[in-house]
There are 2 protein chains.
Amino acid sequence: MSDVDETDHRLLALLHEDGRRTYSEMAGEVGLSVAAVKRRVDRMREAGVITGFTVQVDHVKLGWGVEAFTELRYTGRTGVNDIVTTATTVPEVQAVYTIAGDPDALVHVRVRDLPHLQSVIDTLRRAGTVTGTKTLMVLGSWTREG
Amino acid sequence: MSDVDETDHRLLALLHEDGRRTYSEMAGEVGLSVAAVKRRVDRMREAGVITGFTVQVDHVKLGWGVEAFTELRYTGRTGVNDIVTTATTVPEVQAVYTIAGDPDALVHVRVRDLPHLQSVIDTLRRAGTVTGTKTLMVLGSWTREG
DNA sequence: CCTGAAAGCTAGCCCGC
DNA sequence: GCGGGCTAGCTTTCAGG
């Protein structure tokens with residue numbers, strides 16, 4: 001398995017705060033050489049511990065100010081893949097979580113406004129044999145290190 | 001407001017795929033000079049459209065293999081801030097969403113195992129005047145660009 | 001918005017422990 | 001296996017046009 005030591009965790013924490021930090025800056029923080037830091041980061045990418053780097057965006061400033069979670073319930077005949085496949089093809093869907101118990105899935109969506117939300121929910125409702133949905137409107141959110 | 005044009009959106013999409021992409025690579029993609037790309041990215045950071053850059057991590061490989069959403073319900077006397085403050089001080093909490101209606105909040109947690117999950121839920125339950133919780137265990141997840 | 005040059009960074013070596 | 005130091009080439013940065 002992946003052998004991630006204390007120094008690796010510190011590097012991950014530094015990259016979590018700022019994914020564009022330079023190797024030389026991190027080297028100074030953890031007390032290693034630039035080459036050693038690069039080797040550790042490369043190794044974590046190779047091992048799949050680091051899956052990538054991304055930009056964090058304020059969606060409200062881009063006009064996508066409405067966020068919601070929709071709980072999905074569907075019949076026993078509907079496979080999990082049907083739901084996930086449909087949901088992932090809807091661009092407004094940010095994430096899909098399959099759940100043990102009730103509901104069967106939780107879908108995180110981000111939309112421009114309420115009519116837009118309604119159309120997305122309608123799309124989800126038509127996926128597979130959905131027996132019911134319940135949508136939780138997000139009023140405010142806090143994300144670690146957002 | 002923020003004036004984000006088509007080129008800016010293409011830059012955001014490129015950075016979303018790979019937050020460590022170089023300005024020169026993006027310049028080639030959008031057909032601008034390196035300096036022009038840097039100025040646009042700097043401007044978006046300044047405007048708050050870009051809030052930061054971060055690394056994406058496979059938490060399962062780090063031994064945090066259990067993920068769940070906990071719905072919280074609390075009394076009218078409990079302020080939203082009480083819940084959010086408590087939740088954000090719990091390191092296992094990834095995100096807190098305050099919700100319109102029922103439940104009052106949705107908390108995304110990531111833990112090592114089930115006993116660990118139980119202790120986190122107990123902590124949340126003691127926050128403010130929580131009247132009830134319902135935890136949705138995540139079996140599988142898909143995240144856009146995860 | 002582009003060009004150009006200096007400073008800084010990255011990526012790949014070799015070497016020692 | 002781990003680390004450090006080096007260098008060539010690229011990237012970033014900040015003038016100026």
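Each chain gets a letter, A, B and so on, in the order the sequences are listed, and its residues count up from 1.
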*Checking only heavy atoms, does the side chain of A:R40 share a donor-acceptor pair with the base of D:dG3 at less than 3.5 Å?*
no
_Electrostatic pair A:D8-A:R40, nearest N-O below 4.0 angstrom_ = yes
*asked:* Just N and O in the side chain of A:K38: are any of them under 4.0 Å from OP1 or OP2 of C:dA11?
replied: yes
*asked:* With a 4.0 Å limit, can you tell me whether A:S24 has a side-chain N or O closer than that to the phosphate oxygens OP1/OP2 of C:dC9?
replied: yes
*Under-4.0 Å salt bridge between B:K38 and B:D42*: yes
*When all nucleic acid strands are considered with a 4.0 Å heavy-atom cut-off, which category describes A:A36: base, sugar-phosphate, or nothing?*
sugar-phosphate
*Go through D:dG4, D:dT11, C:dT10 for me and flag the one nearest to the B:R20 side chain.*
C:dT10
_Spacing of B:Y23 atom OH relative to D:dT12 atom C1', expressed in whole Å_ = 8 Å
*Using the six-membered ring of B:Y23, assess whether NZ or CZ of A:R20 lies under 6.0 Å from its centre and within 45 degrees of the ring axis.*
yes
*Using a cut-off of 6.0 Å, state whether more than 12 heavy atoms not belonging to B:E17 lie near its atom CD.*
yes
*Using only side-chain N and O atoms of A:R43, determine if any of them is under 4.0 Å from OP1 or OP2 of D:dG1.*
no
*Does a nitrogen or oxygen in the side chain of A:R39 sit under 4.0 Å from OP1 or OP2 of D:dG3?*
no
